[in-house]
Amino acid sequence: MLIDTPILVYSKERSTDSSLQRHCPSIEQNIESNDMSCIRKQFIDRGISTKTASIMLCSWRKSTKKQYKVFVKKWFSYCRERKISEVQISINIVLDYLTILYENGLGYSSINTARSALSALGLVIDNVLVGAHPLVVRFMKGVYNLRPTKSKNICVWDVSLVLNYLRKLSPVNMLTLQEVTLKLVMLIALTNATRVQTLKFLSVDCMEKLRDEFVFHLDVLLKQSRPGYKNPDVKLRAFPPDRRLCVYTVLKEYIKRTEILRVHTKQLLISYIKPHKAVTCSTISRWIKVVLQKSGIDTRQFSAHSVRSAATSKAKLYNVSLADIMSKAGWTNVNTFATFYNKRIINSNSFDVNVLNN
DNA sequence: TACCAGTCGTTCGCGTAGAG
DNA sequence: CTCTACGCGAACGACTGGTA
């Protein structure tokens, strides 16, 4: 049976509990609601205090809540259109909802998110959360067989193509701000196998300048952050063998150029056009793709995220230790990684030097 | 130890801000 | 007004850890 419609709804610009308003919205109002108020309501109905419920709602990252919201909205819309009340919810209705999503052309991954969202709503049928209901499980297997998740790429581009292009972008002091930005972003991505998320989190506040390296300490939650997990530092070391690929030099130049432009933010990466605001992950991704394209790599096939596999694959080829690769890339599950890279690794040269060495 | 439910970040496409 | 870089929403793939 479906949980009741919520009685607690945030005001649009809510951010704190004090802005909570109490009223009795219908399903329609639910659709307009832009957060997890239904889930909050479920907690509160169980006698959990508002403060406790707020903490529990933080168990999901912002991105997960945002993603669930889409399917929660669709779910309520579906119920409203068919005039289905909470007491009528059955497994057939849930399956019908999922089928409609399928018929709308959604893939396995998206429908799987819809399933998780319904579970998060606390929808229980036959004493199990709908996500784990045997018929839903059966349905999902069917969706998977019909529209399997396609793994991105089997192969990966050659890092040396990008290095060749980056070498042309020198000397750094003669480059435009745009060029320095692109070069810097790509060099950090390559030498640390970072996600764009990590690049966005780099802040001049948590930057430490040593004699021949910059170290960024990340005190934020990364994708892989869990209790007991310590974020790896992002280290940008000088690369004496080839000044043109020296991320340390490029960063020094970038900081020099952007110091006066970075007014309202501590974020390292800011837009190279006025008003030079802090950029989002979308923009950083786009920057990386620009470099890939200019290096002659097909960007229809390879996205910004492919830098991770390109860098780690090359590191593996040059016998960087598995532990070093995993720590750099932020992979915590040895088995997952070993599935793809299960060759015996001989010695343990450092990650960044091997990625840059040709 | 293999699988899978659940979680989280990235990508794509499109509307839009804002500089020139 | 035009042009281009930006950022948001929807959809998707990457990844994990519990469990059978």
Side-chain angles (χ1 to χ4, degrees), chain A residues 34 36 39 57-74 98 101-102 104-123 128-134 136-141 143-145 147-153 177-178 181-182 189 193-201 220-229 269-290 292 299-309 312 326 329-340 342:
Chain A
N34 67 347
M36 309 276 273
I39 297 169
L57 281 172
C58 291
S59 64
W60 292 283
R61 299 277 176 88
K62 211 168 91 184
S63 64
T64 306
K65 290 193 258 194
K66 193 174 130 192
Q67 180 194 31
Y68 282 180
K69 201 180 81 189
V70 174
F71 293 104
V72 168
K73 238 167 97 175
K74 284 185 180 176
L98 296 176
L101 295 179
Y102 176 83
N104 284 343
L106 294 192
Y108 174 81
S109 181
S110 306
I111 298 177
N112 193 37
T113 302
R115 162 167 77 168
S116 296
L118 292 182
S119 282
L121 274 177
L123 205 53
V128 285
L129 279 174
V130 281
H133 192 285
V136 172
V137 170
R138 182 62 53 198
F139 176 86
M140 292 308 298
K141 280 183 178 166
V143 173
Y144 183 81
N145 286 339
R147 291 189 194 144
T149 312
K150 37 193 180 295
S151 184
K152 277 261 164 127
N153 287 302
L177 178 59
Q178 178 182 9
T181 306
L182 295 182
T194 55
R195 297 187 180 87
V196 292
Q197 179 198 40
T198 310
L199 294 172
K200 185 189 148 53
F201 282 145
V220 291
L221 290 175
L222 300 178
K223 180 175 183 175
Q224 70 271 22
S225 296
R226 301 284 185 281
Y229 177 83
L269 296 173
I270 57 173
S271 174
Y272 50 77
I273 60 166
K274 285 181 186 173
H276 304 292
K277 285 195 286 187
V279 291
T280 60
C281 292
S282 308
T283 300
I284 298 170
S285 288
R286 200 181 315 114
W287 288 348
I288 290 177
K289 282 188 87 168
V290 168
L292 289 179
T299 49
R300 285 166 307 176
Q301 189 184 356
F302 295 107
S303 64
H305 198 64
S306 67
V307 176
R308 267 163 78 75
S309 50
T312 50
M326 288 193 44
W331 287 310
T332 47
N333 190 331
V334 189
N335 293 331
T336 313
F337 190 60
T339 310
F340 304 100
N342 53 5

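Throughout, a chain's letter reflects where its sequence line sits, starting with A, and its residues are numbered from 1. Atoms considered below: every heavy atom in the structure, side chains included; atoms not considered: hydrogens, waters and symmetry mates.
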- request: Check whether any side-chain nitrogen or oxygen of A:S110 sits under 4.0 Å from OP1 or OP2 of C:dA11, and answer yes or no.
  value: no
query: Between A:L129 (CG) and C:dT19 (C1'), how many Å, whole number?
result: 16 Å
task: May I have the step-by-step check of side chain to side chain contact (heavy atoms under 4.5 Å, CB included) for A:L199 and A:I288, ending in yes or no?
output: CA-CA 11 Å; A:L199 294 172; A:I288 290 177; 4.0 Å; yes
statement: Nucleotide by nucleotide, nucleotides 4-9 of chain C touches protein heavy atoms under 4.0 Å in the pattern (B base, S sugar-phosphate only, - none) -SBBB-
- prompt: With a 4.5 Å heavy-atom cut-off, do A:F71 and A:L106 have their side chains touching?
  reply: yes
Distance, rounded to the nearest Å, where A:Y68 contributes OH and B:dG6 contributes P: 7 Å
- prompt: Do the side chains of A:L222 and A:F201 get nearer than 4.5 Å, heavy atoms only?
  reply: yes
message: Rounding to an integer number of Å, can you tell me how far A:Q301 CD sits from B:dT11 P?
response: 14 Å
query: Given A:Y144, which of A:Y102, A:Y108, A:F139 fulfils the ring pair (Phe, Tyr, Trp, His ring centres under 6.0 Å) condition?
result: A:Y108
- request: Would you check if the side chain of A:Q197 reaches a backbone N or O of A:K223 as a donor-acceptor pair within less than 3.5 Å?
  value: yes
Side-chain heavy-atom pair A:K141, A:R138 within 4.5 angstrom cut-off: yes
- request: Tell me which of A:R115 and A:S63 sits closer to the 5' end of DNA chain B, going by the nucleotide each one is nearest to.
  value: A:R115
message: Taking 4.0 Å as the cut-off, does a side-chain nitrogen or oxygen of A:S116 come that near to OP1 or OP2 on B:dA5?
response: no
query: At under 4.0 Å between heavy atoms, what does A:R300 touch on the DNA or RNA strands: base, sugar-phosphate, or nothing?
result: nothing
Close side-chain approach of A:T64 to A:S116, heavy-atom, < 4.5 Å: no
- line: From CZ of A:F71 across to C1' of C:dA10 the rounded distance in Å is 8 Å
- line: Residue pair A:K289/A:L222 against DNA chain B: nearer the 5' end by closest nucleotide is A:L222
field: Between B:dA5 (C1') and A:W60 (CH2): distance, integer Å
entry: 14 Å
- prompt: Does some side-chain heavy atom of A:R115 sit less than 4.5 Å from a side-chain heavy atom of A:V137?
  reply: yes
query: Counting side-chain heavy atoms from C-beta on, which of B:dA5, B:dA19, C:dG13 comes nearest to A:P275?
result: B:dA19
- request: Using whole Å, report how far CD1 of A:I288 lies from P of B:dG9.
  value: 16 Å
- prompt: A:S285 near the nucleic acid: base, sugar-phosphate alone, or nothing, with a heavy-atom cut-off under 4.0 Å?
  reply: sugar-phosphate
- request: Using heavy atoms to find the nearest nucleotide of DNA chain C for A:Y108 and A:R308 separately, return the residue whose nucleotide is more 5′.
  value: A:Y108
Euclidean distance, atom CZ of residue A:R61 to atom C1' of C:dT16 [Å, nearest integer]: 12 Å
message: Nearest to the side chain of A:H305, heavy atoms from C-beta on, is which of B:dG6, B:dG9, C:dC15?
response: C:dC15
- prompt: For A:K200, which contact category applies under a 4.0 Å heavy-atom criterion: base, sugar-phosphate, or nothing?
  reply: nothing
- prompt: Hey, is the side chain of A:S119 poking within less than 4.0 Å of OP1 or OP2 on B:dG6, counting only N and O atoms?
  reply: yes
- request: Grab the CD-P distance between A:Q67 and B:dG6 for me, whole Å please.
  value: 13 Å
